[in-house]
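Read the structure below first, then the notes.
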Amino acid sequence: MRETAPARATELLEWYDRHARTMPWRVPPAARAQGEAPDPYRIWLSEVMLQQTTVAAVTQYFERFTARWPTVADLAAADDGDVMGEWAGLGYYARARNLLKCARAVVADHGGIFPADHAALLKLPGIGPYTAGAISAIAFDLPEVVVDGNVERVMARLHDIHTPLPAAKPELTAAAAALTPKARPGDYAQAVMDLGATICTPRSPACGICPWRAPCLARANGTAADLPRKIPKKAKPVRLGIAYVVQRADGAILLERREDRGLLGGMLGWPGSDWAEEAPAPAPPLDADWHVLSEEARHTFTHFHLRLAVHVAQVSTGANPERGAFMALPEFQPAQLPTVMRKVYDLSRGVLREMG
DNA sequence: GAAACGTGGTA
DNA sequence: TTACCAAGTTT
């Protein structure tokens, strides 16, 4: 093991001043130096969207949300279904449910003003240790230790830590705490994350142009690309199910709102079976002449692969389903469906056209 | 501590 | 095609 000089926050801040990425919610370092402060609502919204989600995916959702709901009070007053529909496609839908709960708590308990304090933020729905620190640091420039996946990777490499995650978390947090400066903590937090996203990347890190290449132990020892170590993930089982797509003669579509918990909770979807490793017996929502599509809808979730048989029927205007409710065509927006449900719809469109 | 919880991009 | 990965939180 070689020796290196310790890393310093100032080296990273100088790099950030020249290379900060542009994001719709971000106040760039030059503007911040002029005294411009970020909007805590926009920082909170972006941070919740960015949980386990890339900047590229978040940006368009962020623009739509803030155009439709410019303030936390606007969001708190929104219809639940509208918010879930706007979130559709972004994933981890508990975030959207907690987003609404949090907005309403900020209005009801904090006068519509986000608290700056880490402990107060942590009590709000959907805000955990990382997001509380990020809001406190970025929106209020408080010297919080902000540890996300980027920071864990950067610290593991800087100190050549081989302990696998998540056991390494306390060690990596301590390393991050030792580097967090009292000056410009908001810019510093964003700088480490930008570094992790653009230079100290998971695969093929660009060590040659890294502002911390001199102090980096993993760079010196040639281990950067192998860090951080992680516990291997379990294999995903396959689950099977049936989705029922029903169109009424007037064009209306049969949908149901899923329960406010668990997988895809609160989202619109097709009536259907449970999803299990055993193929389900058909249990259609109404009697009809069902057409079974030759192609299944395939989708992979966090912890299982899903194969959905798609059953399609056209019914008369007087049809009375046991489940779900008909939605008129102008109101039905496929973009408001979670991706797996949109895949089912896309497969059904050809048959629906033939029937209608 | 471990599992549940989405999706799209990339190798 | 498969597997890994991304600005985590909740139970």
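A, B, ... follow the sequence lines: proteins, then strands. Residue 1 opens every chain.
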* Value rounded to 0.5 Å, distance of CZ in Phe65(A) from CG in Leu90(A) -> 8.0 Å
* Sugar-phosphate only, base, or nothing, as touched by Leu90(A) at under 4.0 Å among non-hydrogen atoms -> base
* Thr54(A) side chain to Ala57(A) main-chain N or O, any donor-acceptor pair under 3.5 Å? -> yes
* Backbone of Arg298(A) reached by a side-chain donor or acceptor of Lys343(A) within 3.5 Å -> yes
* Would you please confirm or rule out a distance under 4.0 Å between OP1 or OP2 of dG8(C) and any side-chain N or O of Gln52(A)? => yes
* Rounded distance in Å - NZ (Lys343(A)) to C1' (dG6(B)) -> 10 Å
* Starting at atom CG of Leu306(A), determine the distance to atom P of dT7(B), rounded to an integer number of angstrom. => 11 Å
* **Residue mapping more 5' on DNA chain C - nearest nucleotide basis, Ala132(A) or Lys233(A)** => Lys233(A)
* Asked: Gly89(A) near the nucleic acid: base, sugar-phosphate alone, or nothing, with a heavy-atom cut-off under 4.0 Å?
  -> sugar-phosphate
* Asked: Rounding to a whole Å, what distance do you find between Arg97(A):CZ and dC5(B):C1'?
  -> 9 Å
* Within less than 4.0 Å of OP1 or OP2 of dA6(C), is there a side-chain N or O belonging to Lys230(A)? -> yes
* For Tyr93(A) and dT7(B), is the shortest distance between a side-chain N/O and OP1 or OP2 below 4.0 Å? -> yes
* Asked: With a 4.0 Å cut-off on heavy atoms, is Ser46(A) in touch with a base, just the backbone sugar-phosphate, or nothing at all?
  -> nothing
* Which part of the nucleic acid does Arg153(A) contact within heavy-atom distance under 4.0 Å: base, sugar-phosphate only, or nothing? -> sugar-phosphate
* Phosphate OP1/OP2 of dG6(B): any Thr53(A) side-chain N/O under 4.0 Å -> no
* To do: Remember a base hit wins even if backbone is also touched, and classify Arg21(A) as base, sugar-phosphate or nothing at under 4.0 Å, heavy atoms.
  => base
* Asked: Which nucleotide in the list dA6(C), dA11(B), dA3(B) gets nearest to the side chain of Arg203(A)?
  -> dA11(B)
* To do: Ignoring hydrogens and angles, tell me if any N or O in the side chain of Arg248(A) forms a donor-acceptor pair with the backbone of Ile253(A) under 3.5 Å.
  => no
* Taking atom C1' of dC4(C) as reference, at what distance in whole Å does atom CG of Leu165(A) sit? -> 15 Å
* Side-chain N,O (Arg342(A)) to OP1/OP2 (dG8(B)) below 4.0 Å -> yes
* Quick one: is His299(A) getting a side-chain N or O under 4.0 Å of the dT7(B) phosphate, OP1 or OP2? -> yes
* Looking at dG8(C), does its base get a donor-acceptor pair with the side chain of Thr131(A) below 3.5 Å? -> no
* **Whole-Å distance separating the NE2 atom of His305(A) from the P atom of dC5(B)** => 15 Å
* Do the side-chain N and O atoms of Tyr130(A) and Glu47(A) include a donor-acceptor pair separated by under 3.5 angstrom? -> yes
* Asked: Considering only side-chain heavy atoms of Thr54(A), which listed nucleotide, dT7(B), dC5(C), dA6(C), is closest?
  -> dA6(C)
* To do: Remember a base hit wins even if backbone is also touched, and classify Pro129(A) as base, sugar-phosphate or nothing at under 4.0 Å, heavy atoms.
  => sugar-phosphate
* Structure fact -> With the side chain defined as heavy atoms from C-beta on, Tyr130(A) is closest, among dG6(B), dG8(C), dA3(C), to dG8(C)
* Round to the nearest Å and state the distance from Ile231(A) atom CD1 to dC4(C) atom P. => 14 Å
* **5' priority, DNA chain B, between Ala167(A) and Pro338(A) [closest heavy atom]** => Ala167(A)
* State whether Trp275(A) and Arg258(A) meet the cation-pi test: NZ (Lys) or CZ (Arg) under 6.0 Å from the six-membered ring centroid, and within 45° of the perpendicular axis. => yes
* Asked: Where the side chain of Lys234(A) is concerned, which of dG6(B), dT9(C), dA3(B) is the nearest nucleotide?
  -> dA3(B)
* Using the P atom as the reference point in each nucleotide, state the distance between dA3(B) and dC4(C) in Å, no decimals. => 15 Å
* Within the side chain of Arg95(A), is there an N or O that forms a donor-acceptor pair under 3.5 Å with the backbone of Val48(A)? -> yes
* **Nucleotide nearest Arg95(A) (side chain, heavy atoms from C-beta), chosen from dA4(B), dC5(C), dG6(B)** => dG6(B)
* To do: Rounded to the nearest angstrom, tell me the gap between atom CZ in Phe301(A) and atom C1' in dA3(B).
  => 16 Å
* Gln51(A), nearest nucleotide to its side chain (from dC5(B), dT9(C), dC5(C)) -> dT9(C)
* Among dG8(C), dT10(C), dT7(B), find the nucleotide with the atom closest to the side chain of Thr339(A). => dT7(B)
* Asked: Centres of the Phe332(A) and Phe326(A) rings: under 6.0 Å?
  -> no
* **Between dT9(C) and dG8(B) - P atom distance, rounded Å** => 22 Å
* Asked: Roughly how many Å is it from NZ in Lys236(A) to P in dA3(C), rounded to a whole number?
  -> 9 Å
* Please determine if a side-chain N or O atom of His303(A) lies less than 4.0 Å away from the OP1 or OP2 oxygen of dA3(B). => no
* To do: Answer with base, sugar-phosphate or nothing: what part of the nucleic acid does Met23(A) contact at a heavy-atom distance below 4.0 Å?
  => base
